[in-house]
Amino acid sequence: MYSQDHTRPASPTRRAVLGAGIAAAGTALSTACSGSGAERAGGTGRAATDVGGEGSVVADGKKLRPTWTPSPEGKLRGLTFTATPATVGIGGGRTVRTSVYDGELPGKEVRITAGDTLELTLANHLPEPTTVHWHGIALRNDMDGVPDVTQPPIKPGGSFTYRFRAPHPGTYWFHPHLGLQIDRGMYAPLIVDDPNEPLAYDAEWIVQLDDWIDGVGGSSPEDVFDQLRKGKPAMGHGSAHKRGNSHGAGSVPSRPSGGIAAGYGPPAARAPERDDASPAPKRGKGPDRLMTGANSPLLGGHAGDVAYPHYLINGRTSDDPAQFRARAGDRIRLRIINAGAETPFRVALGGHRMTVTHSDGFPVRHHRTDSLLLGMGERYDVLITAKDGVFPLTALAEGKNGAAMAVLRTAGGALPGPTARPAELRRDVLPSARRLRPHESVEFDRRRPDRILKLTFTGGMKDYDWGIDHRPYSPDRVHHVERGERVRLVVVNATDMWHPVHLHGHTFALAGIDSLGARKDTATVLPHNKLVLDFDADNPGLWMLHCHNIYHSESGMMTTLAYGP
């Protein structure tokens with residue numbers, strides 16, 4: 001186990017049957033060990049193989065299926081969650097009709113200890129299929145929750161049991177991976193405790209950030225997607241939705257189409273504050289939710305396209321915020337999760353500095369800062385020492401000028417106003433994890449990559465034709481690596497917009513000039529820049545790599561990496 005600045009044990013407050021898409025991609029998996037189709041270090045070659053046809057997936061005369069040897073299991077934690085339509089409050093007397101887990105927004109925390117096994121059965125009471133993706137967990141491939149790639153979608157009235165061992169402690173979360181469902185209310189934290197926790201703290205605060213549009217003024221994620229795509233169909237994992245339908249009205253907005261999906265998030269109500277962003281020309285049948293002029297120098301320019309009516313922390317708006325109560329002098333661990341679908345957040349706690357201890361679940365050498373910028377899907381753990389008073393925790397919608405707010409309270413006093421903007425937001429900002437160094441206990445060894453795989457993110461806002469290597473997602477297009485390789489992913493951003501890059505089933509190290517950086521599973525690539533990521537191919541299967549902007553991924557900015565056992 002790693003050791004950090006504090007060694008007193010913490011006492012925190014606790015509060016497979018494969019689908020049809022696997023047949024196509026799995027055919028490629030059966031040939032992954034041949035090494036064809038990918039670029040070796042120092043060589044060149046095609047980065048992907050096009051696989052056609054249907055039928056049995058066969059290797060050496062036997063049907064190919066997941067055959068990974070399970071690690072020794074610790075304790076078993078059994079749970080049941082239900083995905084259901086619900087009317088939920090988001091603060092200020094507002095209610096929205098959306099989809100949630102067990103009637104709660106956000107979903108209740110799931111907590112286990114590293115080495116233990118989670119067995120969670122999801123009962124689907126929605127009028128549409130769904131899945132669960134366990135974001136950031138290096139789990140067995142058939143539990144990854146990608147429809148028609150690692151599992152069939154869970155049909156309405158059906159259920160699916162996810163069972164996997166959690167190998168690493170850290171802050172993770174789970175959400176659907178079908179269509180645009182992530183831009184509703186189905187998300188929840190997954191906290192994997194360290195049995196030998198080295199950090200010393202008195203309390204823990206889980207902070208979930210979200211951009212909300214579902215059920216507000218007749219809006220739905222599907223209608224927003226229609227406005228962005230001008231009616232063109234989805235190219236991602238499976239949202240052949242009926243255009244113009246309002247999920248809040250109880251329609252059936254999506255069903256699987258035989259690929260992968262990314263969908264995250266919650267709903268919204270009121271036009272966001274912004275003085276440099278204005279509505280784009282109205283398209284589609286629902287209220288106009290597009291914006292122009294969203295700009296962030298930290299993100300290299302254009303920050304986003306969707307004008308969310310609300311931004312939330314732990315399911316509440318800034319005029320009726322969630323409050324965390326502690327004592328002055330308490331050392332508090334904040335686990336911050338960006339569960340938004342299209343919004344980066346800059347986060348600061350008024351009157352306090354933060355010490356960053358983890359990024360995407362993995363420990364880093366402690367780094368002091370005033371504020372953090374999180375892309376969609378990213379997580380940071382930070383420590384603060386609580387002062388005496390009432391303080392706003394503000395999550396600024398980067399480039400959009402709206403904000404979410406929660407409150408840290410250690411004394412009596414009035415709440416900060418919803419427009420509170422702590423000075424810390426403008427001081428020492430950590431714009432990305434590139435400035436962080438990994439803790440020595442999780443630092444990758446330096447070795448020459450066995451394979452270099454180059455992927456180019458392409459497309460643009462005008463035609464909303466996001467893809468990889470000038471092509472939208474196809475389950476037949478698979479990038480091969482081999483088990484045991486050190487793979488270097490070079491992600492080139494040839495677009496005018498930033499993208500949060502997420503790799504399933506693995507963590508990667510941000511590659512620097514002379515060292516390997518923080519361990520991550522989601523990282524930002526700026527416009528007309530590249531992101532160099534090293535990972536070890538030690539978890540066989542079919543693994544998605546995609547932009548974690550749900551509207552980009554659903555437009556086609558995703559692909560599949562594959563290797564056999």
Side-chain angles (χ1 to χ4, degrees), residues 128 147 176-184 211 213-214 216-248 251-265 267-268 277-294 302-309 340-343 376 400 457-475 477 493-500 527 544 546-559:
E128 58 185 324
H177 213 288
L178 196 150
L180 302 164
Q181 290 177 352
I182 201 167
D183 210 3
R184 297 191 184 123
D211 44 16
I213 207 161
D214 195 30
V216 178
S219 289
S220 72
E222 288 71 33
D223 187 68
V224 171
F225 188 74
D226 280 337
Q227 293 175 30
L228 291 165
R229 293 276 289 175
K230 304 173 189 175
K232 292 186 290 185
M235 300 299 291
H237 274 199
S239 156
H241 59 272
K242 298 178 181 179
R243 289 189 278 276
N245 280 355
S246 168
H247 177 72
S251 61
V252 182
S254 65
R255 66 178 185 83
S257 62
I260 183 176
Y264 0 165
S278 56
K282 180 173 172 57
R283 306 184 189 95
K285 298 179 181 179
D288 172 48
R289 297 298 187 190
L290 305 191
M291 67 191 309
T292 59
H302 188 63
D305 295 300
V306 181
Y308 281 88
E342 207 256 359
T343 302
M376 293 79 79
K400 299 181 180 182
F457 281 21
T458 53
M461 286 80 73
K462 182 175 182 293
D463 295 324
Y464 223 76
D465 55 347
W466 306 107
I468 295 178
D469 295 329
H470 302 281
R471 297 176 60 175
Y473 169 77
S474 168
R477 186 166 170 80
N493 184 358
T495 80
D496 294 329
M497 189 173 178
W498 73 287
H499 303 284
M544 305 311 301
H546 62 90
C547 176
H548 219 268
N549 180 322
I550 178 57
Y551 294 98
H552 291 184
S553 59
E554 191 64 2
S555 294
M557 190 172 269
M558 58 176 69
T559 193

Polar side-chain atom of [X] near backbone of [Y] as donor-acceptor pair, under 3.5 Å:
X	Y	value
Lys400	Tyr308	no
Glu128	Gln181	no
Asp465	Gly460	yes
Asp288	Leu290	yes
Asp211	Thr343	yes

Kindly indicate, with the supporting measurements, whether the criterion side chain to side chain contact (heavy atoms under 4.5 Å, CB included) is fulfilled by Ser219 and Asp214. CA-CA 6 Å; Ser219 289; Asp214 195 30; over 6 Å; no
For the pair Tyr551 and Phe225, name the ring-plane relationship: parallel under 30°, tilted 30 to 60°, perpendicular over 60°. parallel
Nearest 0.5 Å please: distance from the [atom1] atom of [X] over to the [atom2] atom of [Y].
X	Y	atom1	atom2	value
Lys462	Lys230	NZ	NZ	5.5 Å
His302	Thr495	NE2	OG1	9.5 Å
Glu222	Arg229	CD	CZ	14.0 Å
Cys547	Met376	SG	CE	6.0 Å
Asn549	Glu554	CG	CD	11.5 Å
Phe457	His470	CZ	NE2	13.0 Å

Can you tell which of Ile213, Asp223, Leu228 makes a side chain to side chain contact (heavy atoms under 4.5 Å, CB included) with Arg289? Ile213
Using every non-hydrogen atom in the two residues, find where [X] and [Y] come nearest and quote the distance to one decimal.
X	Y	result
Gly304	Ala294	O-CB, 3.5 Å
Ala303	Trp498	O-NE1, 3.0 Å
Pro221	Leu180	O-CD1, 3.6 Å
Ser555	Pro472	O-CB, 4.2 Å
Asp496	Pro527	C-CB, 3.6 Å
Ile468	Thr458	N-OG1, 4.0 Å

Trace of the salt bridge (Lys or Arg N to Asp or Glu O under 4.0 Å) decision for Asp469 with Arg477: CA-CA 11 Å; Asp469 295 329; Arg477 186 166 170 80; 3.8 Å; yes
Could you go step by step and tell me if Met544 and Thr559 meet the side chain to side chain contact (heavy atoms under 4.5 Å, CB included) rule? CA-CA 6 Å; Met544 305 311 301; Thr559 193; 6.0 Å; no
Less than 6.0 angstrom separating the ring centers of Trp466 and His499, yes or no? yes
Run the side chain to side chain contact (heavy atoms under 4.5 Å, CB included) check on His552 and Met497 step by step: do they pass? CA-CA 11 Å; His552 291 184; Met497 189 173 178; 3.6 Å; yes
